[in-house]
Amino acid sequence: MKIKVDTEKYNENLLELATTFKSGNEFLDQFIQSKESLNDGLGKTFVWIDEKRESIIGYYNIGVGYIDMLDGDDKYKIGGSIHLNFFALDEKYRGIVIDEKKDGTKVKISDRLFADFMLKVYELRAEYIGFSFVTLAATDEGYSLYKRNYFEDLEEGLHFSFKDDEKGCKPMYFALDILES
């Protein structure tokens with residue numbers, strides 16, 4: 001099954017499509033169904049809509065942040081980041097394999113939506129803003145998606161600020177480049 005990911009920036013005209021969105025996580029569902037998902041002060045929301053434009057397949061919301069290094073009582077900023085605030089897939093699309101790589105690795109719909117997010121990250125970095133990392137707070141359900149996309153658990157001594165809804169989640173990061181001395 002081949003599916004083209006064609007996300008678009010979320011706007012007020014698409015709010016009605018979100019009324020049927022069900023990811024299995026009530027908090028994520030409420031976010032996309034609320035006007036908070038349109039709040040530019042929080043981040044930018046992008047949605048993937050089905051071909052008939054009848055429902056939202058998935059969405060993500062991105063903002064900015066940074067990673068600190070903790071040294072005793074001191075904090076040092078080591079690099080800016082794009083932060084994945086929210087990422088959700090409607091439960092009826094969960095686990096569906098849409099492609100297979102030459103090495104036999106199965107590609108799921110969630111991988112394609114996540115790849116779209118990462119393309120957006122590289123576009124932002126190339127055109128608009130400098131940063132070194134991508135950060136996120138993984139739920140138990142999302143952890144394997146991020147691990148298979150090369151995200152690492154945040155190392156001891158490193159820290160980024162959590163939003164209230166991210167408490168209890170696993171902090172993860174992806175280094176876009178590593179500068180060698």
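One is the number of the first residue; the rest follow in order along the sequence. Heavy-atom basis, side chains included; hydrogens, waters and symmetry copies ignored.
- Linking Ile, Leu, Val, Met, Phe, Trp and Tyr whenever their side-chain heavy atoms come within less than 4.5 Å puts Tyr150 and Phe114 in one cluster.
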For Tyr146 and Asp153, what are the C-alpha separation, side-chain angles and deciding distance, and is it a side-chain hydrogen bond (donor to acceptor under 3.5 Å, both in side chains)? CA-CA 10 Å; Tyr146 306 130; Asp153 295 347; over 6 Å; no
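- Note that the OG atom of Ser161 and the CG atom of Asp68 stand 6.5 Å from one another [nearest 0.5 Å].
- From Gln33, atom CD reaches atom CG of Leu28 across 10.5 Å, with rounding to the nearest 0.5 Å.
- Contact of the Gln30 side chain with the Glu36 side chain is not registered, since no non-hydrogen atoms from C-beta on lie closer than 4.5 Å.
- Within the 4.5 Å cutoff, the side chain of Phe174 has no heavy atoms near those of the Leu136 side chain.
- Classification of the Tyr60-Phe117 ring pair by plane angle, with boundaries at 30° and 60°, yields perpendicular.
- Just one of Arg112, Lys108, Lys106 meets the salt bridge (charged side-chain N to carboxylate O under 4.0 Å, His left out) condition when paired with Asp99; it is Arg112.
- Among residues two or more places apart in sequence or in another chain, the side-chain contact (heavy atoms from CB on, under 4.5 Å) test is passed with Leu15 by Tyr10, Glu12, Lys35, Ser37, Leu38.
- When side chains are defined from C-beta on, Ser132 does not count as touching Leu176, because their heavy atoms never get closer than 4.5 Å.
- When side chains are defined from C-beta on, Ser23 does not count as touching Phe31, because their heavy atoms never get closer than 4.5 Å.
- Taking the six-membered ring for Trp and thresholds of 30 and 60 degrees, Tyr59 and Phe21 have ring planes more than 60 degrees apart, a perpendicular arrangement.
- When all heavy atoms of Met172 and Ala138 are compared, the pair lying nearest together is SD-CB, 3.6 Å.
- Summarising the local packing, OH of Tyr143 is surrounded by more than 12 heavy atoms from other residues, nucleotides or ligands at distances under 6.0 Å.
- Under the 4.5 Å side-chain heavy-atom criterion for Ile, Leu, Val, Met, Phe, Trp and Tyr, Val134 and Leu119 are members of distinct hydrophobic clusters.
- We find the CD1-CD1 distance between Ile96 and Ile109 to be 4.5 Å, quoted to the nearest 0.5 Å.
- In this structure, Leu14 and Glu8 have side chains that are in contact, with non-hydrogen atoms separated by less than 4.5 Å.
- Looking only at distances, a side-chain donor or acceptor of Asn85 sits under 3.5 Å from a matching main-chain atom of Leu42.
- Side chain to side chain, Asp103 and Thr105 meet the donor-acceptor criterion of an N or O pair below 3.5 Å.
- Clustering ILVMFWY residues whenever any of their side-chain heavy atoms sit less than 4.5 angstrom apart, transitively, puts Ile32 in a cluster other than the one holding Leu89.
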Please test Tyr93 against Leu113 for side chain to side chain contact (heavy atoms under 4.5 Å, CB included), starting from the C-alpha separation and ending with a verdict. CA-CA 11 Å; Tyr93 296 100; Leu113 184 60; over 6 Å; no
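- Nearest approach of Asp90 to Thr20, heavy atoms of both residues: OD2-O, 3.8 Å.
- Between Leu158 and Leu70, every side-chain heavy-atom pair lies at or beyond the 4.5 Å cut-off.
- More than 12 heavy-atom neighbours from other residues, nucleotides or ligands sit within 6.0 angstrom of CD on Glu54.
- Once rounded to the nearest 0.5 Å, the distance linking CG of Asp111 with CE of Met118 reads 12.5 Å.
- No chain of hydrophobic side-chain contacts below 4.5 Å, direct or via other Ile, Leu, Val, Met, Phe, Trp or Tyr residues, connects Tyr173 to Phe86.
- Taking 4.5 Å as the limit, every side-chain heavy atom of Thr135 sits out of range of all side-chain heavy atoms of Leu84.
- Note that OG1 of Thr7 is 12.0 Å distant from CD1 of Ile56, once rounded to the nearest 0.5 Å.
- Going from atom CG of Asn61 over to atom CZ of Phe87 covers 12.5 Å, rounded to the nearest 0.5 Å.
- The two residues Arg53 and Leu17 make their nearest non-hydrogen contact at O-CD2, 3.6 Å.
- Checked for salt-bridge contact, Arg125 and Asp177 meet the test: a charged N lies under 4.0 Å from a carboxylate O.
- In the hydrophobic clustering of this structure, Phe131 does not group with Tyr76; members are Ile, Leu, Val, Met, Phe, Trp, Tyr whose side-chain heavy atoms approach within less than 4.5 Å, directly or through other members.
- The shortest side-chain heavy-atom distance between Met69 and Lys77 does not fall under the 4.5 Å cut-off.
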